[in-house]
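Next up is a structure, given as structure tokens.
Counting convention: from 1, in listed order, for ligands and their atoms alike. Computed from a prediction, not measured in an experiment: that's the story for all the values here.
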Amino acid sequence: MDAHNTLSGRVALVTGGSRGIGRAIAVALAGAGAAVAVNYRSRKDEAEAVVAEIERSGGRGSAVGGDVSVAADVDTMVGQVVAGLGPVDILINNAGIGPVRDIDELTEEDFDRTLAVNLKSAFLCTQAVVPGMRARRWGRIVNMSSVAARGGGALGVHYNASKAGLEGLTRGYAARLAAEQITVNAVAPGPVDTEMAAPLKAAGVAASLPVGRMGTPEEVADAVLMVVRNGFLTGQAIAVNGGRIFT
Ligand code: NAP
């Protein structure tokens, strides 16, 4: 198999693939040969632009809408991917939100919404694709965590809780699925230059990082590709954080 085409014949679903880190992951997976479904919640045009970029490079992709925190949307979305590209071999649970809230201003609604989009979504999407992966005895699931799963974080306790929960979910599924050749890992970035991190960028977060700059979406996508290619790596959280936390 061509070294650059190691995922040829595989189908990937990237949640929140319309922009930021998800976009870079979708493009990288397609570059490695996978057919890629690019999920979005509201920005259909941006998801279609990612698919157009994949197709211009000779790859296969499709844009699929849906709120990944809603079970019915997830079922519809996965059904569309299976019908259009084939059964999902690689699931990247990347969609997320990071509203900045201090303790005194955090509402129950903020908390519930953040947990639903950042954590429950990964449960819903995993449950939807795992039966097919089990039947084929091959699968890769990567959950997009954050330094906030272990550190103090800059966005708020709701975000910390959602990402720490995601790493617990990762280990639980990894333990139960390893024997069926399905790996489940997390990638935990530090501040990456995307829309979500704009408030951190404006506050000068780059200067607080040992490397002296924010990360790029492509650097996170590189780590995801490494995880997807490695069948002996499971149950881990891979830190990509410019030296902010040593794990
Ligand atoms: P971003 O630029 O804000 O992009 C978020 C993506 O998630 C968009 O594609 C958005 O879709 C999608 N999305 C949001 N809510 C959704 C929902 N309910 N259903 C489906 N899609 C939804 O964020 P990012 O910085 O690339 O972050 C991606 C992931 O990395 C998140 O899980 C985030 O927590 C994590 N992370 C980010 C950083 C960072 O510094 N940027 C650091 C650590 C971890 P639309 O375009 O349609 O709105």
Could you state the interatomic distance from CE (M77) to CG (L124), rounded to the nearest 0.5 Å?
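With rounding to 0.5 Å, CE (M77) is 9.0 Å from CG (L124).
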Which protein residues have a heavy atom under 4.0 Å from ligand 1?
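Heavy-atom contacts below 4.0 Å: G16, G17, S18, R19, G20, I21, N39, Y40, R41, S42, R43, G66, D67, V68, N94, A95, G96, I97, R113, V117, M144, S145, S146, Y159, K163, P189, G190, P191, V192, T194, E195, M196, A197.
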Give every donor-acceptor pair under 3.5 Å between a side-chain atom in residues 165-179 and any protein atom, sequence neighbours left out.
residue, atom, partner, partner atom, Å
E167, OE1, R150, NE, 3.0
E167, OE1, R150, NH2, 2.8
E167, OE2, S145, OG, 2.6
T170, OG1, N143, ND2, 3.0
T170, OG1, L166, O, 2.7
Y173, OH, Q127, OE1, 2.5
R176, NH1, G172, O, 2.8

Do other residues, nucleotides or ligands put more than 12 heavy atoms under 6.0 Å from the CD atom of E105?
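For E105, atom CD is crowded (more than 12 foreign heavy atoms under 6.0 Å).
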Do the side-chain N and O atoms of T6 and R229 include a donor-acceptor pair separated by under 3.5 angstrom?
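Note: T6 and R229 side chains meet the donor-acceptor criterion.
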With a 3.5 Å cut-off and no angle check, do the side chains of S208 and R244 form a donor-acceptor pair?
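Judged by distance alone, the side chains do pair up.
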Using distance alone, with no hydrogens and no angle criterion, decide if T76 and D73 have a side-chain donor and acceptor under 3.5 Å apart.
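Judged by distance alone, the side chains do not pair up.
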